[in-house]
Number of protein chains: 2
Amino acid sequence: MTVTLADVAARARVSPATVSRVLNGNYPVAAATRERVLRAVDELDYVLNGPASSLAAATSDLVGILVNDIADPFFGIMAGAAQTEIGIQEAPDATGFARADAAGAAEAAGPHAPGAGRRRAGGQKLAVVCNTVGSPERELTYLTLLQRQRAAAVILTGGALEDADHGAAVTAALRRLAAAGTRVVLCGRPPLPDDDVAVAALAFDNRGGGRRLAEHLLALGHRTIGYVAGPLERTTTRHRLEGHREALRAAGLPAAGSGGAQDPLTLHGPYTRRSGYEATRELLRRQPGLTAVVAANDTVALGACAAVRDEGLRIPQDVSVAGFDDLPFSVDATPALTTVRLPLQEAGARAGRLAMGTEAPPPGGIATIGAELMARASTAPPRA
Amino acid sequence: MTVTLADVAARARVSPATVSRVLNGNYPVAAATRERVLRAVDELDYVLNGPASSLAAATSDLVGILVNDIADPFFGIMAGAAQTEIGIQEAPDATGFARADAAGAAEAAGPHAPGAGRRRAGGQKLAVVCNTVGSPERELTYLTLLQRQRAAAVILTGGALEDADHGAAVTAALRRLAAAGTRVVLCGRPPLPDDDVAVAALAFDNRGGGRRLAEHLLALGHRTIGYVAGPLERTTTRHRLEGHREALRAAGLPAAGSGGAQDPLTLHGPYTRRSGYEATRELLRRQPGLTAVVAANDTVALGACAAVRDEGLRIPQDVSVAGFDDLPFSVDATPALTTVRLPLQEAGARAGRLAMGTEAPPPGGIATIGAELMARASTAPPRA
DNA sequence: CTGTTAGCGCGTTCAG
DNA sequence: CTGAACGCGCTAACAG
């Protein structure tokens with residue numbers, strides 16, 4: 001019922017092999033022949049059979065992008081940038097014929113609606129985002145599924161879970177992937193213990209960002225700073241918090257919880273507005289002397305702002321509030337949110353290129369991406 | 001080098017067919033045999049070859065979810081809900097299989113035995129989101145790529161482009177998909193002209209939402225209402241605007257632009273904060289008598305709020321502002337944003353179930369999903 | 001319940 | 001530059 005390569009070959013009066021060569025554009029074919037083939041393709045509405053092609057070639061054009069929460073713009077921005085970088089590719093260019101073929105295809109687009117020529121797009125990668133919902137099982141499941149599909153590359157984004165077992169399982173899964181020829185890229189996630197699994201790791205300087213943010217507050221004169229941290233056991237959470245505490249210690253402050261989990265100024269919760277709201281109310285209750293609240297990220301900070309206000313306090317006159325990530329909405333908060341900017345777009349795009357092999361990996365396979373303090377109106381000196 | 005089904009069969013001293021049956025769990029296998037097979041699978045770190053399997057079975061476990069902008073939570077929320085619904089397949093049982101002696105009978109009785117443990121997961125669907133960036137070409141490209149992969153289902157989310165040629169091309173692509181056995185579901189997008197292509201269309205009541213929002217403002221006493229609309233040629237844009245104007249007309253107001261593009265109170269732009277900001281400044285300049293601004297969506301509304309403030313005006317005392325969608329951050333705007341709630345989560349989940357065939361399509365294949373007015377603090381009676 | 005036999009649709013040699 | 005074989009790894013009938 002469905003039309004196959006052989007049908008096209010018959011229609012064009014050539015062998016299946018020739019059709020294959022035209023479609024993949026990786027081997028010389030006479031212009032006239034190619035023309036005939038392309039016409040047959042259009043006339044028959046032929047679409048390559050991906051599975052068959054992948055089976056024969058032992059590779060696929062699938063690229064997986066794993067994110068912890070697809071509804072969070074933090075991941076959306078990175079994934080979108082990566083996807084754009086990946087989908088934009090042309091057919092392989094090794095022999096120089098790919099270009100000619102692409103041009104031919106465009107020309108032969110014919111009477112069909114715009115974009116019809118795209119139908120036989122060759123060398124196109126299918127970049128695809130997978131939502132793990134922060135669940136370890138789903139992360140592993142997706143990794144397996146992608147291995148099953150013989151994915152060309154896999155990009156893991158965002159903080160990793162710091163569970164030893166899970167970490168080992170992920171590393172093992174990635175090693176299998178890598179062994180099967182899949183390129184592994186980490187984006188916004190710390191490098192793997194094992195050096196030779198990932199092509200590259202682009203890590204955000206969460207620690208430095210956390211430190212600079214705390215230094216900013218200290219410089220303003222704050223001495224009692226609440227911290228609404230992210231989920232426990234996440235690298236992102238830990239690094240931001242460590243930077244924060246580093247700065248406190250350097251300033252000679254109690255350096256709360258230099259190990260002890262008993263820090264009364266730190267509360268953990270998910271990356272949600274609600275968590276920010278509730279934790280902040282709790283902090284305000286516990287510590288009437290609080291003059292500033294730092295949130296795990298901007299979304300949490302929004303909740304913190306709401307809590308401060310509901311407590312009848314003003315931002316920043318009574319309490320300063322700061323976030324992390326600098327998502328687009330942060331500048332629109334009232335007052336505009338002080339936060340730490342992460343170049344999500346650039347990082348995602350770079351990860352996409354690394355996954356495609358379009359860009360050389362950084363030295364040692366590891367790059368740290370800067371985190372820049374954005375001091376805005378939500379932070380100010382504490383009231384006397 | 002990579003281990004195949006045959007390797008597993010040899011190790012377990014059974015035929016390849018038996019291994020296949022164990023892995024797919026769709027055919028009775030003796031408990032003891034299965035146990036041997038599963039052990040071999042684990043020992044060899046075997047992972048099914050997806051392409052080969054798809055080729056032989058003429059189906060794949062890929063489900064595509066197309067979104068216009070993955071960085072926009074509007075899409076992220078829908079896609080996440082759909083993906084969860086799709087990936088949630090029967091929980092894998094890590095240890096259950098090892099001692100399945102007794103379970104064997106029960107399992108053989110059941111329809112399809114549950115998928116095997118994580119690594120040998122069978123029957124798992126790979127739900128995958130594709131970012132079209134609102135580009136028609138990319139939309140078609142993804143559709144082709146998904147057809148190539150013989151996707152099990154495709155979900156198209158969000159407003160459609162109202163270009164006749166593109167519409168025809170998309171419909172043609174979807175018809176090809178449907179003909180190849182792919183289930184097509186529309187979510188937050190109006191039905192196709194052609195009735196038998198999509199399994200189901202879940203359309204938001206954008207027109208009704210727009211109408212109710214305008215009625216709300218009219219009831220408060222507003223008579224000069226600016227409208228920062230979305231991109232031209234998008235169904236979403238048009239429907240929301242039509243509802244808005246319906247209400248104006250019903251109230252005996254000039255019913256601006258009942259067709260003419262010359263409405264001085266309406267400006268079009270992308271779904272960005274910036275667009276909201278600039279359009280609102282422009283509207284304020286043009287119409288000093290303006291007492292309210294309605295935005296295409298919440299993100300645009302945030303920009304509108306900023307513009308109003310930068311103009312030295314207060315919200316809502318001087319100018320009321322309203323959005324659309326009720327994204328999570330809207331309630332945190334200051335003042336809390338009046339908007340129209342769309343049940344994105346529910347709609348996405350339902351689309352996911354329809355794509356899986358887990359839920360019966362609505363009568364006629366079309367369902368309209370309500371849009372509820374959320375009157376909050378950003379709208380109030382105009383100043384006298 | 002299990003093994004045997006054929007392909008699925010395509011890429012890739014190798015000749016010509 | 002083109003065609004003829006072969007096999008990728010797996011599932012799907014059929015036997016038994």
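Bear in mind that the values here come from a model prediction, so they are computed numbers and not experimental data.
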Self-check item: Closest non-hydrogen atom pair between Ala52(B) and Leu55(A), with its separation
Solution: CB-CD1, 3.6 Å
Quiz item: For the residue pair Leu62(A) and Ser60(A), what are the closest heavy atoms and their distance?
Solution: N-OG, 3.0 Å
Practice problem: For Val19(A), report the nucleic acid contact type (base, sugar-phosphate, nothing); a contact means any heavy atom under 4.0 Å. | Solution: nothing
Self-check item: side-chain contact (heavy atoms from CB on, under 4.5 Å) evaluation trace for Arg150(B) with Thr182(B)
Solution: CA-CA 7 Å; Arg150(B) 303 303 189 249; Thr182(B) 298; over 6 Å; no
Quiz item: How many Å lie between CZ on Arg13(B) and C1' on dG3(C), as a whole number?
Solution: 15 Å
Self-check item: Euclidean distance, atom CZ of residue Arg148(A) to atom C1' of dC10(D) [Å, nearest integer]
Solution: 12 Å
Exercise. When you get a sec, tell me which of dT4(C), dC1(C), dG9(C) is the closest nucleotide to the side chain of Ala17(B)?
Key: dT4(C)
Quiz item: From dC10(D), dG11(C), dT2(C), pick the nucleotide closest to the side chain of Leu5(B)?
Solution: dC10(D)
Quiz prompt | Toward the 5' end of DNA chain C, by each residue's nearest nucleotide, Ser20(A) or Arg36(B) | solution = Arg36(B)
Quiz item: From the list dG3(D), dG11(C), dC10(D), which nucleotide is the closest neighbour of the side chain of Leu48(A)?
Solution: dG11(C)
So which protein N/O to nucleotides 14-16 of chain C N/O distances come out below 3.5 Å?
none

Quiz item: Among Val29(B), Asp7(B), Leu5(B), Leu48(B), which residue meets the side chain to side chain contact (heavy atoms under 4.5 Å, CB included) test with Val19(B)?
Solution: Leu5(B)
Quiz prompt | Closest listed nucleotide, where the reference is the side chain of Tyr46(B) and the choices are dG9(D), dA4(D), dG3(C) | solution = dG9(D)
Exercise. Round to a whole Å and report the spacing from CG of Leu23(B) to P of dT2(C).
Key: 15 Å
Exercise. Before accepting this row, confirm whether a basic side-chain N of the pair Arg189(B)/Glu139(B) lies closer than 4.0 Å to the acidic partner's carboxylate O.
Key: yes
Exercise. Check the distance between dC8(D)'s P and Gln149(A)'s CD and give it to me in whole angstrom.
Key: 20 Å
Quiz prompt | Short side-chain N/O contact from Thr33(B) to OP1 or OP2 of dT2(C), under 4.0 Å | solution = yes
Self-check item: Candidate list Arg353(B), Lys125(B), Arg350(B), test salt bridge (charged side-chain N to carboxylate O under 4.0 Å, His left out), partner Glu85(B), passing option
Solution: Arg353(B)
Quiz prompt | Thr18(B) side chain, from C-beta outward: closest of dG9(C), dT2(C), dG9(D) | solution = dT2(C)
Exercise. Name the closest nucleotide to the Ser15(A) side chain, picking from dG3(C), dG3(D), dT11(D).
Key: dG3(D)
Quiz item: Is it the case that Ser135(A) and Thr132(A) place a side-chain donor and acceptor less than 3.5 Å from each other?
Solution: no
Quiz item: Between dT2(C), dG11(C), dC10(D), which one does the side chain of Asn49(B) approach most closely?
Solution: dC10(D)
Quiz item: Do Arg36(A) and Glu43(A) pass the salt bridge (charged side-chain N to carboxylate O under 4.0 Å, His left out) test, and can you show the C-alpha distance, the side-chain angles, and the key distance before you say yes or no?
Solution: CA-CA 10 Å; Arg36(A) 276 216 315 288; Glu43(A) 290 167 353; over 6 Å; no
Exercise. Could you identify which residues of residues 50-58 of chain B place a heavy atom less than 4.0 Å from some atom of DNA chain C, listed by residue number, or say none?
Key: Leu55(B), Ala56(B)
Practice problem: With side chain to side chain donor-acceptor pair (under 3.5 Å) as the test, would you mind laying out the steps for Gln149(B) and Asp61(A) before giving the verdict? | Solution: CA-CA 10 Å; Gln149(B) 304 296 333; Asp61(A) 48 9; 3.1 Å; yes
Practice problem: Over all heavy atoms of both residues, which pair between Asn68(A) and Gly158(A) is shortest? Give the atoms and the distance, please. | Solution: ND2-C, 4.2 Å
Practice problem: Nearest whole angstrom, please: distance from the C1' of dT12(C) to the CG of Asn26(A). | Solution: 10 Å
Quiz item: Given atom CZ of Arg150(B) and atom C1' of dG9(C), what is their separation to the nearest angstrom?
Solution: 9 Å
